[in-house]
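All values derive from a computational prediction rather than experimental measurement. Chain letters run A, B, ... following the sequence lines, proteins first, then strands; residues in each count from 1.
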Amino acid sequence: MPLKRKPPEPPEPPEPAQVQAQHIAGRPLKPGDFIGDSHEIARMLIGATLLVDGVGGIIVETEAYDRDDPASHTFGGLTPRNAAMFGPAGRAYVYRSYGIHWCLNFVCCEEGHGAGVLIRAIEPTKGLDVMRERRGLQDPRLLCSGPGKLGQALAITHAMNGHRLDRAPFKVMAAPEPVEVVTGPRIGISKAVDVAWRFGLAGSRFCSARFAQAAPNKDLPHD
DNA sequence: CCTAGGATTAGCT
DNA sequence: GCTAATCCTAGGC
């Protein structure tokens, strides 16, 4: 067998999420863009734009949930409450949290799988005054820095459960360019607390909670 | 800075 | 009856 020199290393194949992000950069996301691993989708959604009736901003924090995950609403199988999460990808799963808040998820994977991404925080960029009115607050950092706050600021209701994300009132646009994503443990759960399935936009001041610092030798500017 | 408790309802044991 | 993918306020350090 002749000695065969390996051809020059081809460029490292980008991570699937990056391929997807580059392919759809800045474009409206379609249902097919949500067919895939919920952790990859959760990462891909950081930097994307979410609008509901023209109000919203840039997604800066997400959490991934999947059917084999004890913390997932779909862990125990199909029920009336979680049915939307077992439905087609690219739709909304809206649930009531603590009897008070409406929280928004994006359904992932094929119909019948039972995975999704919780949208935990956005940086408000459109409809600031509407959001301030709905929240009764002025500070932009407090408008959407948490799934319940976001639900109130965007007027998410149970009526949107199962609704397609590529149709009004929703508008979801992929990140226009790659962003730096940080990870950490999920928040507010009592099961599977160790896995780093929360994703955030690096350095964003609009997340619901701090991510552990990855580079402690570099002081962040105090602004 | 931090921790603790209440609000409020649907779903499941 | 108890728990929950949360938020807000009050009070202590």
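- The distance from atom CZ of A:Arg81 to atom CG of A:Asn161, rounded to the nearest 0.5 Å, is 10.5 Å.
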Please set out all donor-acceptor pairs under 3.5 angstrom arising from side-chain atoms of residues 84-98 of chain A, sequence neighbours excluded.
from: A:Tyr93; atom 1: OH; to: A:His73; atom 2: ND1; distance (Å): 2.7
from: A:Arg96; atom 1: NH1; to: A:Ile100; atom 2: O; distance (Å): 3.4

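- With DNA chain C read from its 5' end, the first of the two nearest nucleotides for A:Ser72 and A:Leu142 is the one closest to A:Ser72.
- With hydrogens and angles ignored, the 3.5 Å screen pairs a side-chain donor or acceptor of A:Arg132 with a backbone N or O of A:Gln138.
- Under the rule for a side chain to side chain contact (heavy atoms under 4.5 Å, CB included), the partners of A:Asp139 that lie at least two apart in sequence or sit in another chain are A:Arg141, A:Leu142.
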Strand DNA chain C as a dot-bracket string - pairs counted if Watson-Crick or G-U with both distances under 3.5 Å, | where the partner lies in another strand: ||||.|||||||.
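- Nucleic acid contact for A:Arg135: sugar-phosphate only, since backbone atoms but no base atoms lie under 4.0 Å from a heavy atom of the residue.
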Using distance only, find each side-chain donor-acceptor pair of residues 50-60 of chain A under 3.5 Å and give its atom names and separation, not counting sequence neighbours.
none

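- Rounding to the nearest 0.5 angstrom, the gap separating the CG atom in A:Leu143 from the CG atom in A:Leu128 is 6.5 Å.
- A:Val195 belongs to a hydrophobic cluster with A:Trp197, counting contacts under 4.5 Å between side-chain heavy atoms of Ile, Leu, Val, Met, Phe, Trp and Tyr, direct or through other members.
- Among residue pairs with one or both ends in residues 149-168 of chain A, those qualifying as ring-ring contact (aromatic ring centres under 6.0 Å, His included) are A:Trp102-A:His158, A:His163-A:Phe170; sequence neighbours excluded.
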Counting only pairs under 3.5 Å, give me each side-chain donor-acceptor contact of residues 113-120 of chain A, with atom names and distances, residues two or more places apart or in other chains.
from: A:His113; atom 1: NE2; to: A:Asp66; atom 2: OD1; distance (Å): 2.8
from: A:Arg120; atom 1: NE; to: A:Glu61; atom 2: OE2; distance (Å): 2.8
from: A:Arg120; atom 1: NH2; to: A:Ser208; atom 2: OG; distance (Å): 3.0

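- Considering NZ of A:Lys171 and NZ of A:Lys126, their distance stands at 8.0 Å, rounded to 0.5 Å.
- Within the nucleic acid shown, A:Thr79 comes within 4.0 Å of sugar-phosphate atoms alone, with no base atom in reach, counting heavy atoms only.
- Put simply, chain A comes within 4.0 Å of DNA chain B, heavy atom to any atom, from B:dA7 to B:dC12, going 5' to 3'.
- Only A:Ile187, A:Gly188, A:Ile189, A:Ser190, listed by number, bring a heavy atom of residues 186-194 of chain A to less than 4.0 angstrom from any atom of DNA chain C.
- Residues from residues 96-119 of chain A with heavy atoms under 4.0 angstrom of DNA chain C, sorted by number: A:Ser97, A:Tyr98, A:His101, A:Asn105, A:Leu118.
- With 3.5 Å as the limit, one finds a donor-acceptor pair spanning the side chains of A:Gln152 and A:Arg135.
- Distance CD/A:Glu123 to SG/A:Cys144: 10.0 Å, rounded to 0.5 Å.
- Rounded to the nearest 0.5 Å, atoms OG1 (A:Thr62) and CZ (A:Arg43) are 9.0 Å apart.
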Check: residues 178-187 of chain A side-chain donor-acceptor pairs under 3.5 Å, at least two apart:
from: A:Arg186; atom 1: NH1; to: A:Ala64; atom 2: O; distance (Å): 2.9
from: A:Arg186; atom 1: NH1; to: A:Asp69; atom 2: OD2; distance (Å): 2.5
from: A:Arg186; atom 1: NH2; to: A:Asp69; atom 2: OD1; distance (Å): 3.2
from: A:Arg186; atom 1: NH2; to: A:Asp69; atom 2: OD2; distance (Å): 3.2
from: A:Arg186; atom 1: NH2; to: A:Ala192; atom 2: O; distance (Å): 3.3

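- Here the CD1-OG1 distance, from A:Ile122 to A:Thr49, works out to 9.0 Å after rounding to the nearest 0.5 Å.
- From the 5' end on, the contacts that DNA chain C makes with chain A at under 4.0 Å to a non-hydrogen atom open and close at C:dA4 to C:dC8.
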